Amino acid sequence: MRKAGLAVLIASLALVLVLSGCGKKNEDSGSGSDKVYRIASDATYPPMENMDKDEIVGFDIDFLKAVMDEAGLKYEVKNVGWDALLESVKQGTEYDAGISAITITEERKQSYDFSVPYFESTNMIMVKEGSDIKSAKDLQGKKIALQSGTTADELMTDILGKDSKGIKRFESNALAFMEMDSGGADAVVADIAVIQEYLKNNADKKYTGILDRDSFTSEYYGIAFPKGSELAEKLNPAIKKVLESDKYKEIYGKWIGGDPDMTALLE
Ligand code: ARG
């Protein structure tokens, strides 16, 4: 009887040890290689990111996949919209990072950590063919549709003044294009790849793109992280590898067309 009792005691002790050991192991793998990183995006900005039925597609999405594969990390991307993306990545509770053609700016660096730059861009003005608008300065007194909180917003607010009545700000760039289509705006200002994609898909609308390098200089996209994130350090080497690879050129050719100018990115 006493022997049996002891055996049961030993057996249950062993069970407790095994179970608590398992518990530890699960915790470890949860914060280790099995972690699924959550990435936020505003998928209304083709060809950079856009919804195709219920899937997010675009340059950024293929680029992110190449980087995460290179780094050996699991992730999922969610379309949350621009304002929510900026806010939630800043808070750092719900998302580990944001990818969304996000320009690295001095101002944003106060609130976010950024990866190394992975894409060169600039803003472009879209107007009706034959318009008297030839440069950013000509937008004085005109109605300009743009996505609020973007570099286009920042630049046009600088050029036209904070109180300018001409700037019509929208929650997404798709809405800015719609405003132009319905005659509510004389111009849309947005990233060059996005304007060029729109021109290509809407040839019937007789719009044209204006490049004004005096007012709009080069911008560089980065992946945005909450301040102090460790993920940035993990991803930078992977990003550099992808930038040097043929994969980057392939993704660029697929979504943007032609060959990328890598000079500034590989510096
Ligand atoms: N590059 C511009 C910026 O950072 C526009 C980005 C907008 N991106 C988007 N997915 N809507 O301000």
Side-chain angles (χ1 to χ4, degrees), residues 38-52 55-65 77-90 95 97-126 136 144-160 167-180 185 187-198 201 209 211-213 215-226 251-252 255-256 260 264-265:
R38 294 149 307 170
I39 321 272
S41 189
D42 168 27
T44 56
Y45 214 56
M48 303 313 293
E49 43 266 321
N50 194 39
M51 294 309 292
D52 181 4
E55 208 193 333
I56 309 183
V57 299
F59 178 96
D60 279 345
I61 307 309
D62 283 359
F63 173 73
L64 179 67
K65 183 178 186 322
V77 194
K78 220 174 141 192
N79 176 24
V80 299
W82 182 245
D83 293 339
L85 173 158
L86 292 179
E87 194 48 42
S88 63
V89 172
K90 194 191 293 175
Y95 294 97
I99 191 161
S100 219
I102 306 171
T103 301
I104 305 170
T105 68
E106 284 310 313
E107 202 191 330
R108 286 177 185 159
K109 277 193 198 164
Q110 315 277 312
S111 314
Y112 308 88
D113 283 348
F114 280 98
S115 70
V116 292
Y118 69 85
F119 191 95
E120 182 169 0
S121 177
T122 187
N123 271 280
M124 184 174 239
I125 310 166
M126 186 181 88
I144 305 112
L146 49 78
Q147 182 175 22
S148 82
T150 58
T151 51
D153 187 359
E154 200 183 305
L155 288 161
M156 288 319 303
T157 304
D158 273 357
I159 294 171
L160 300 182
I167 305 177
K168 293 184 162 185
R169 298 180 175 84
F170 296 88
E171 195 177 294
S172 84
N173 196 68
L175 291 172
F177 280 138
M178 278 170 68
E179 185 69 9
M180 176 93 182
V188 171
V189 180
D191 290 357
I192 181 167
V194 173
I195 297 283
Q196 285 181 333
E197 178 78 6
Y198 198 76
N201 296 333
L211 205 50
D212 178 350
R213 298 300 267 173
S215 297
F216 304 148
T217 51
S218 280
E219 300 183 7
Y220 298 91
Y221 298 162
I223 300 177
F225 305 92
I251 299 172
Y252 193 96
W255 293 102
I256 315 292
L265 294 174

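Model, not experiment: these values are computed from the prediction. What's counted below: heavy atoms across the whole structure, side chains too, no hydrogens, waters or symmetry copies. All ligand and atom numbering here is 1-based and tracks the order in the structure.
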Completion exercise
Of all heavy-atom pairs linking Leu146 and Val189, the shortest is CB-O, 3.6 Å

Fill in the blank from the handout: For Ile56 and Ala43 the tightest heavy-atom approach is CG2-CB, 3.8 Å

Problem - Point-to-point distance, once rounded to the nearest 0.5 Å, from OG1 of Thr44 to CG of Asn50 - result: 7.5 Å

Practice task
Among all protein heavy atoms, pick out the one at the shortest distance from atom 8 (N) of ligand 1; state its residue, atom name and that distance to 0.1 Å.
Solution key: Ser100 O, 2.9 Å

Handout entry: Identity and separation of the nearest protein heavy atom to atom 6 (C) of ligand 1
Key = Ala101 O, 3.2 Å

Contact partition for [X] relative to ligand 1, non-hydrogen atoms under 4.0 Å:
X	answer
Met48	neither
Arg108	side chain
Glu154	neither

Practice task
Go through the steps to decide whether Ile256 and Met48 satisfy the test side-chain contact (heavy atoms from CB on, under 4.5 Å), and finish with yes or no.
Solution key: CA-CA 9 Å; Ile256 315 292; Met48 303 313 293; 3.9 Å; yes

Problem - Close N or O approach (Gln147, ligand 1; < 3.5 Å) - result: yes

Practice task
Please confirm whether Asp42 comes within less than 3.5 Å of ligand 1 when only nitrogen or oxygen atoms on both sides are compared.
Solution key: yes

Completion exercise
If we number the atoms of ligand 1 from 1 as shown, the ones under 4.0 Å from a heavy atom of Tyr221 are 1 (N)

Fill in the blank from the handout: Under 4.0 Å from one or more heavy atoms of Thr151, ligand 1 contributes atoms 2 (C), 3 (C), 12 (O)

Exercise for the section: Can you run down the salt bridge (Lys or Arg N to Asp or Glu O under 4.0 Å) pairs that involve residues 144-159, sequence neighbours left out, and say none if there aren't any? Expected result: Asp153-Arg169

Exercise for the section: Keeping the roles fixed (side chain from Ser215, backbone from Asp212), state whether a donor-acceptor pair exists under 3.5 Å. Expected result: no

Problem - Option passing ring pair (Phe, Tyr, Trp, His ring centres under 6.0 Å) with Tyr118 (candidates Tyr220, Tyr252, Phe63) - result: Phe63

Problem - Nearest option to atom 1 (N) of ligand 1, as decided by whichever heavy atom of Ile102, Asn50, Asp191, Thr105 sits closest - result: Asp191

